[in-house]
Asks: 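Structure in structure tokens, see below.
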Amino acid sequence: MSARTEHTTFDGLAGDIDCAIDWPEGPPTGWALVLHPHPLHGGARDNKVVTTIARCCVQHGLAALRPNFRGVGASNGEFDNAKGETADMQALVEQFALRHPDVAAGPWVLGGFSFGTAVAAQLYSGLQGHRPRAVILAGTAAQRFTFRDIALPDDTLLIHGETDEVVPLDEAMGFARQHQLPMVVIPDASHFFHGKLLVLRRLVQQRLSVP
């Protein structure tokens, strides 16, 4: 997936945040934060949708940071319906910039899948300063875990499966309509994009290729 995967921890509000960083072969030109699905339903940083998005980022020269949310892997704490997880990710962004200032000074990408889209959307809405160059949300479930107003950039990439059995297409369209964002629907794709990961990868690659 990458030239090297580093396992490390950062400090969250509930303790350690267990992370993997996938480094590209050459010097990274920036970085990506990719967030996983629901912790209470088997979601973790090694989810195949998460790793697909991360792999695309690495191929574009970015270092891809894949954290485990509270209570997953070696991360401390308990599930907090996106509120605590969002606060943890804010702390993670700040600490990553201190630990890797040269990498963090470059453009970065914020991605999420399923529950991870709720954290990503609310993280973006509360960010100060250096904002992501691209926001990529797959299987959007942001409306289910909202605790603050969400404001996303006009070029946010929303990707959804036509036959999503976890977040119905109508629900995702409601979120897109509310925020006036276009959404790419993959025909016959389920929530986990079974058999459609190549299509998902192509869409992410196209978005990352936009300056």
Side-chain angles (χ1 to χ4, degrees), residues 32-57 60 64 66-69 72 79-83 85-86 89 109-127 131-210:
L33 176 61
V34 189
L35 306 179
H36 71 70
H38 204 303
L40 301 185
H41 299 285
R45 69 181 183 214
D46 292 328
N47 170 270
K48 63 182 180 180
V49 176
V50 171
T51 55
T52 295
I53 296 172
R55 185 178 297 113
C56 291
C57 293
H60 277 77
R66 296 180 288 116
N68 274 330
F69 288 134
V72 179
F79 179 67
D80 194 32
N81 285 291
K83 189 170 185 178
E85 289 83 357
T86 301
M89 294 305 102
V109 172
L110 177 59
F113 168 50
S114 194
F115 172 78
T117 66
V119 178
Q122 292 173 105
L123 172 64
Y124 180 91
S125 302
L127 282 174
R131 293 192 172 226
R133 178 176 65 82
V135 177
I136 299 170
L137 306 179
T140 307
Q143 65 277 18
R144 297 188 177 188
F145 302 95
T146 301
F147 65 87
R148 65 164 53 144
D149 290 338
I150 293 176
L152 291 168
D154 293 341
D155 60 356
T156 296
L157 174 59
L158 298 180
I159 306 171
H160 213 80
E162 179 189 20
T163 60
D164 192 315
E165 71 284 11
V166 176
V167 182
L169 181 57
D170 285 349
E171 180 180 331
M173 281 299 299
F175 177 82
R177 189 177 299 112
Q178 178 185 354
H179 297 281
Q180 289 298 289
L181 296 171
M183 186 169 67
V184 180
V185 178
I186 300 178
D188 299 321
S190 66
H191 184 65
F192 293 95
F193 299 95
H194 297 305
K196 303 294 182 179
L197 288 176
L198 291 178
V199 181
L200 175 70
R201 185 176 70 182
R202 185 169 68 246
L203 291 169
V204 174
Q205 288 173 334
Q206 289 172 352
R207 178 64 186 89
L208 294 177
S209 297
V210 176

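Note that the coordinates shown come from a computational prediction; the quantities given were computed from them, not determined experimentally.
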Asks: A side-chain contact here means heavy atoms from C-beta on lying under 4.5 Å apart; do T86 and R148 qualify?
Replies: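 Side chain of T86 against side chain of R148, heavy atoms only: contact under 4.5 Å found.
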Asks: Look only at the side chain of E85 and the backbone of D80, and say whether a donor-acceptor pair between them is shorter than 3.5 Å.
Replies: yes
Asks: Hey, does D46 have a side-chain heavy atom less than 4.5 Å from the side chain of R66?
Replies: yes
Asks: Would you say the side chain of D155 lies within less than 4.5 Å of the side chain of V210, judging by non-hydrogen atoms?
Replies: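 Of all side-chain heavy-atom pairs linking D155 with V210, none is under 4.5 Å.
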Asks: Going by salt bridge (charged side-chain N to carboxylate O under 4.0 Å, His left out), name the residues that satisfy it together with R133, two or more places apart in sequence or in a different chain.
Replies: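 Expected list: none.
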Asks: What pair of heavy atoms forms the shortest contact from Q205 to H60, and how long is it?
Replies: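 Q205 and H60 have their closest heavy atoms at O-NE2, 3.8 Å.
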Asks: Where is the tightest heavy-atom contact between R45 and P67, given as atom of each residue plus distance?
Replies: CB-O, 3.6 Å
Asks: Using modelled atom types and a 3.5 Å cut-off, is there a donor and acceptor pairing between side-chain atoms of H191 and backbone atoms of S114?
Replies: no
Asks: With a 3.5 Å distance limit and no angle check, can you tell me whether Q122 reaches the backbone of F145 through a side-chain donor-acceptor pair?
Replies: yes
Asks: Would you please classify the geometry between the F115 ring and the H38 ring as parallel, tilted or perpendicular, with 30° and 60° separating the classes?
Replies: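 Aromatic pair H38/F115 classed tilted.
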Asks: Indicate the atoms forming the closest heavy-atom contact of A176 with L158, along with that distance.
Replies: CB-CD1, 3.8 Å
Asks: Is any side-chain heavy atom of P37 less than 4.5 Å from a side-chain heavy atom of V50?
Replies: yes
Asks: Donor-acceptor check, side chain of E162 to backbone of D188, threshold 3.5 angstrom: yes or no?
Replies: yes
Asks: Could you label the plane-to-plane angle of the H36 and F69 rings as parallel, tilted or perpendicular, counting under 30° as parallel and over 60° as perpendicular?
Replies: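 H36 and F69: tilted rings.
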Asks: Which heavy atom in C57 sits nearest to a heavy atom in V109, and how many Å separate them?
Replies: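 The pair with the smallest heavy-atom distance is SG-CG1, 4.3 Å.
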Asks: Are any non-hydrogen side-chain atoms of I159 and V204 less than 4.5 angstrom apart?
Replies: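 Contact flag for I159/V204 side chains = yes.
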Asks: For L35 and L110, which heavy atoms make the closest approach, and how far apart are they?
Replies: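 Here L35 and L110 meet closest at CD1-CD1, 4.5 Å.
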Asks: Is a side-chain N or O of D164 found less than 3.5 angstrom from the main chain of L169, in a donor-acceptor match?
Replies: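 Side chain of D164 to backbone of L169: no pair is present.
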Asks: Backbone N or O of A151 within a donor-acceptor pair of the S125 side chain at under 3.5 Å?
Replies: yes
Asks: Has the side chain of T117 got a donor or acceptor atom that lies under 3.5 Å from a matching backbone atom of A141?
Replies: yes
Asks: Give a yes or no on whether K196 atom NZ has more than 12 heavy-atom contacts from other residues, nucleotides or ligands under 6.0 Å away.
Replies: yes
Asks: Ignoring hydrogens, what is the shortest heavy-atom contact between L157 and V184? Give both atom names and the distance.
Replies: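 Smallest heavy-atom distance, with atoms named: CD1-CG2, 4.0 Å.
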Asks: Please identify each residue that fulfils side chain to side chain contact (heavy atoms under 4.5 Å, CB included) with L197, with sequence neighbours left out.
Replies: K48, V49, T52, F193, L200
